[in-house]
Amino acid sequence: MSDKNVPADAAEQAGAVREKATAVAAQVSEKATVIAGQVGEKAGAVAEQVSGKAGAVAEQVSGKASAVAGQVGEKVGVVTTQVGVTAIEAVEALPEPVRQRVEQGVRQARQHPAVVAAGAAALVLVLWKLLRRGR
């Protein structure tokens with residue numbers, strides 16, 4: 001149908017509906033923009049709060065981890081000292097010829113730590129095999 005066949009009254013009504021729809025669309029668009037801005041502001045505030053709390057928790061965890069690491073380090077130092085003292089006492093209690101051989105072995109071990117590590121690994125492997133056979 002062409003506009004010539006449409007009655008003037010219908011054309012006026014269509015124009016009025018079009019104007020009303022345009023006005024409503026503009027109002028909806030404005031309200032949506034305002035709401036989107038409010039949601040964005042609230043989301044930003046929540047993100048700041050979460051970030052602040054996460055930072056505080058991370059700081060607490062880091063502090064506790066440092067404290068625990070310090071305590072473990074202290075205990076390792078104490079145990080190392082105790083083992084050293086016990087080893088010295090054990091060596092001093094040995095007969096002189098045996099003590100000299102032990103001291104010679106310690107000097108060689110200090111000069112060749114890789115050989116000692118390889119020997120310790122071989123000993124562990126042998127012990128492991130022996131234990132597996134016993135099962």
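Computed from a prediction, not measured in an experiment: that's the story for all the values here.
Side-chain heavy-atom separations under 4.5 angstrom define the hydrophobic clusters, and the remaining members of the one that includes Ile35 are Val39. Taking Ile, Leu, Val, Met, Phe, Trp and Tyr as members and joining any whose side-chain heavy atoms lie under 4.5 Å apart, directly or through other members, the hydrophobic cluster of Val61 also contains Val57. Hydrophobic cluster of Val115: no remaining members, since no ILVMFWY side chain lies below 4.5 Å from it. When hydrophobic side chains of Ile, Leu, Val, Met, Phe, Trp and Tyr are connected at separations under 4.5 Å, Leu94 ends up clustered with Val91, Val98, Val102, Val106.
Here Arg107 contributes atom CZ and Gln111 contributes atom CD; the two are 8.5 Å apart, rounded to the nearest 0.5 Å.
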Side chains of residues 73-88: which donor-acceptor pairs under 3.5 Å do they make with residues two or more places apart or in other chains?
unit_1, atom_1, unit_2, atom_2, d
Thr80, OG1, Val76, O, 2.7
Thr81, OG1, Gly77, O, 2.9
Thr86, OG1, Gln82, O, 2.8

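Side chain of Ser51 to main chain of Ala47: no donor-acceptor pair is present (N/O by atom type, distance under 3.5 Å, no hydrogens or angles).
Within the 4.5 Å cutoff, no side-chain heavy atoms of His112 are placed close to those of Val116.
The 12-atom threshold is exceeded at CD of Gln104, counting heavy atoms of other residues, nucleotides or ligands nearer than 6.0 Å.
Listed by chain and number, the residues in a salt bridge (charged side-chain N to carboxylate O under 4.0 Å, His left out) with Glu96 are Arg99 (sequence neighbours excluded).
Considering Leu125, Val124, Leu123 in turn, Leu123 is the only one that fulfils the side-chain contact (heavy atoms from CB on, under 4.5 Å) rule with Leu127.
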